[in-house]
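What follows is one structure encoded as structure tokens, with my remarks underneath.
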Amino acid sequence: MLDLATLFAGPMAASLLGDFGAEVIKVEHPGRPDPSRGHGPAKDGVGLWWKVLGRNKRAITLDLSRPGGRDTLLRLAATADVVIENFRPGTLERWGLGWDALSAANPRLVLARVTAFGQFGPYAHRAGFGTLAEAMSGFAALTGEPGAPPVLPPFGLADSIAGLTTAYGVLTALTARERTGAGQVLDMAIIEPMLSVLGPHPTWYDQLGHVQERTGNRSANNAPRNTYRTADGTWVAVSTSAQSVAERVLRLVGRPELIEKPWFATGAGRAAHADVLDEAVGAWIAARTRAEVLAAFEAAQAAVAPVQDVRDVLADPQYQALDTVTTVPDPELGPLRLQNVLFRLSATPGAIRWAGRPHGADTDAVLTELGLAPDEIAALREEGAL
């Protein structure tokens, strides 16, 4: 698999596939590395985000706009199953690396094209990032307190969802190839999976003209559902999506009379009386420490979770049992902790074999394996293609 993409959605898809055994070659411009290498905090000049995003990838450099870079990319593509790219539509074509050229080099190739708006339509050639998808999809309009400004997530939510979806799309295309023998193009517009995960809002509007307003931490479909402050100054989250759980919570907090109210029998009815329920639950929680609250909810078989920051996550016994944050040896930084693979397979488990490699670290090795002689590699370097 060739990862030509930058920043998050495309590279994340390649990372997820690499976690379960795909051989991923990360292709970066010789003078302009993937910007994710410089995003966020660094240690000793080494970008830590890249260590996560670049895991399980071999790193090479190629200037695809130069003839030598183009020809080398086509040679690599002839040996690959998948190419992932996120250039603006028309860029690969301008370099002579469009679908016609790539599929001619390898008819079984799957080309995943990840852009903000897709390969066609009035916005296709606009610059775009995940933030725009979070705004355009309706997510930001739903997020935040009533009457307050829309809220954007403090991380790459749309890019992450698109990365997961792209990995799914690649696997779907590879499965189809087993039947047809031919590759195809995957057109991934980041604005689309972000809209899909929001649920039935288009259908609600289509059938009822219903537009959901911002509700903060509350839900329009059930209550109590909120975050509540404990006596020791921490926070817990409570959810009552099931009727039986809502009843357990109200019994636990000493307000069983509310269960008898006619409106309590449905999630929508409870949501309409969220003020009453939040007061009942919030007052009970406010009088107890987080440890007391968690223990009482567990004993009552009611749904609760602590609101955790990264320090709490790393100390959480459930995450520790699952090895959700694992440790990987790294030649630059030593032992390095990062999120483990997304799921556990009983027969063919994935693994983080190494963290992100230095820029271009594997160029000579990969091209030698491709069959290029030392003088050919030297000529590409002289041309500026490496």
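Just so you know, residue 1 is the first one in the sequence shown, and it goes up from there.
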When you check the gap from the basic side-chain N to the acidic O, do Arg113 and Glu93 get nearer than 4.0 Å?
yes
Going by heavy atoms in the side chains, are Leu372 and Arg75 under 4.5 Å from each other?
yes
Is any NZ, NE, NH1 or NH2 atom of the basic residue among Arg344 and Asp323 found under 4.0 Å from an Asp or Glu carboxylate oxygen of the other?
no
May I have the step-by-step check of side-chain contact (heavy atoms from CB on, under 4.5 Å) for Val293 and Tyr228, ending in yes or no?
CA-CA 10 Å; Val293 170; Tyr228 305 93; over 6 Å; no
If every non-hydrogen atom of Ala78 is compared with every non-hydrogen atom of Ala105, which pair is closest and at what distance?
CB-O, 3.7 Å
Does Asp232 reach the main-chain N or O of Thr289 with its side chain, forming a donor-acceptor pair under 3.5 Å?
no
To the nearest 0.5 Å, what is the distance between CD (Gln243) and CG (Asn222)?
10.0 Å
Parallel, tilted or perpendicular: rings of His39 and Phe8 (30°, 60°)
perpendicular
Mind checking the CG-CG spacing from Leu338 to Leu53? Nearest 0.5 Å is all I need.
11.0 Å
Could you check Met12 against Leu164 for side-chain contact (heavy atoms from CB on, under 4.5 Å), going step by step and ending with a plain yes or no?
CA-CA 8 Å; Met12 180 180 177; Leu164 286 162; 4.2 Å; yes
ILVMFWY cluster, Ile161 and Leu16 together (side-chain gap under 4.5 Å):
no
How far apart are the closest heavy atoms of Ala280 and Leu250, and which atoms are they?
CB-CD1, 4.4 Å
Does CD in Glu382 sit with more than 12 non-hydrogen atoms of other residues, nucleotides or ligands closer than 6.0 Å?
no
Under 4.0 Å between a Lys/Arg side-chain N and an Asp/Glu carboxylate O for Arg58 and Glu23?
yes
Is any side-chain heavy atom of Met136 closer than 4.5 Å to a side-chain heavy atom of Met194?
no
Just checking Phe20: does its CZ atom have more than 12 heavy atoms from other residues, nucleotides or ligands closer to it than 6.0 angstrom?
yes
Any donor and acceptor pair, going by atom type alone, linking the side chain of Asn56 with main-chain N or O of Arg353 inside 3.5 Å?
yes
Hey, does the side chain of Thr363 reach the backbone of Thr61 with a donor-acceptor pair shorter than 3.5 angstrom?
yes
Treating Thr368 as the side-chain partner and Asp364 as the backbone partner, does any N or O pair qualify as donor plus acceptor under 3.5 Å?
yes
Gly384 and Pro30 have their tightest heavy-atom pair at O-CG, 4.1 Å
Residues in ring pair (Phe, Tyr, Trp, His ring centres under 6.0 Å) with Phe264, at least two apart?
none
Residues in salt bridge (charged side-chain N to carboxylate O under 4.0 Å, His left out) contact with Arg94, at least two apart in sequence or another chain:
none
Say you draw a straight line from CD of Gln301 to CZ of Arg248; how long is it, rounded to the nearest 0.5 Å?
5.5 Å
Check whether any side-chain heavy atom of Ile191 lies under 4.5 Å from a side-chain heavy atom of Tyr123, and answer yes or no.
no
Heavy-atom check, side chain of Val83 versus side chain of Leu73, under 4.5 Å
no
Taking the side chain from Arg357 and the backbone from Asp362, do they hold a donor-acceptor pair closer than 3.5 Å?
no
Going by salt bridge (charged side-chain N to carboxylate O under 4.0 Å, His left out), Asp278 matches just one of Arg229, Arg255, Arg218. Which one?
Arg218
When rounded to the nearest 0.5 Å, the distance separating CZ of Arg126 from CG of Leu132 is 9.5 Å
Nearest atoms (heavy-atom pairs only) where Ala351 meets Val341:
N-CG1, 3.6 Å
Test item: Thr166 side-chain N/O and Gly10 main-chain N/O as donor-acceptor pair under 3.5 Å:
no
Do any N or O atoms from the side chain of His359 and from the backbone of Gly31 form a donor-acceptor pair under 3.5 angstrom?
no
Under 4.5 Å between any side-chain heavy atoms of Val366 and Leu76, yes or no?
yes
Do Val281 and Val307 belong to the same hydrophobic cluster, where Ile, Leu, Val, Met, Phe, Trp and Tyr are linked whenever their side-chain heavy atoms lie under 4.5 Å apart, directly or via other members?
no
Start with the C-alpha gap between Val238 and Asn226, add the side-chain angles, then the distance that decides, and say whether side-chain contact (heavy atoms from CB on, under 4.5 Å) holds.
CA-CA 6 Å; Val238 173; Asn226 214 326; over 6 Å; no
Rounded distance [0.5 Å steps], CD in Glu28 versus OG in Ser36:
7.5 Å
For the pair Arg55 and Asp330, find out whether any cationic side-chain nitrogen is under 4.0 Å from an anionic carboxylate oxygen.
no
Is Leu48 reachable from Val328 through a run of hydrophobic residues whose side-chain heavy atoms are each under 4.5 Å from the next?
no
Distance col, row Phe139:CZ vs Leu152:CG, nearest 0.5 angstrom, shows 8.0 Å
Whichever hydrophobic residues join Leu17 through chains of side-chain contacts under 4.5 Å:
Met1, Val24, Val82, Ile84, Val110, Val114, Val170, Leu171, Leu174, Leu186, Met188, Ile190
Evaluate the ring planes of His210 and Trp204, with Trp represented by its six-membered ring, and classify them as parallel (under 30°), tilted (30 to 60°) or perpendicular (over 60°).
perpendicular
Are any non-hydrogen side-chain atoms of Leu258 and His273 less than 4.5 angstrom apart?
no
Could you tell me which non-hydrogen atom of Ala385 sits nearest to which non-hydrogen atom of Arg66, and how far apart they are?
N-CD, 3.8 Å
Check the hydrophobic clustering (I, L, V, M, F, W, Y; side-chain heavy atoms under 4.5 Å; chains of links allowed) and say if Trp354 and Val52 are grouped together.
no
Answer whether the closest heavy-atom distance between the side chains of Val325 and Tyr319 falls below 4.5 Å.
no
Do Ile60 and Leu64 share a hydrophobic cluster, counting only Ile, Leu, Val, Met, Phe, Trp and Tyr and linking them when any side-chain heavy atoms are less than 4.5 Å apart?
yes
CD (Glu332) with more than 12 external heavy atoms under 6.0 Å
yes
Nearest non-hydrogen partners of Thr6 and Pro35, listed with the distance:
CB-CD, 3.8 Å
For Trp50 and Pro358, indicate whether the former's side chain and the latter's backbone hold a donor-acceptor pair under 3.5 Å.
no
Is there a donor-acceptor pair under 3.5 Å between the side chain of Asp71 and the backbone N or O of Leu74?
no
Before accepting this row, confirm whether a basic side-chain N of the pair Asp3/Lys26 lies closer than 4.0 Å to the acidic partner's carboxylate O.
yes
Less than 4.0 Å between a side-chain N and a carboxylate O, is that true for Glu292 and Arg290?
no
Quick check: does any side chain N or O of Gln119 sit under 3.5 Å from a backbone N or O of Asp187, one acting as donor and the other as acceptor?
no
Leu367 side chain reached by Leu386 side chain, heavy atoms, under 4.5 Å
yes
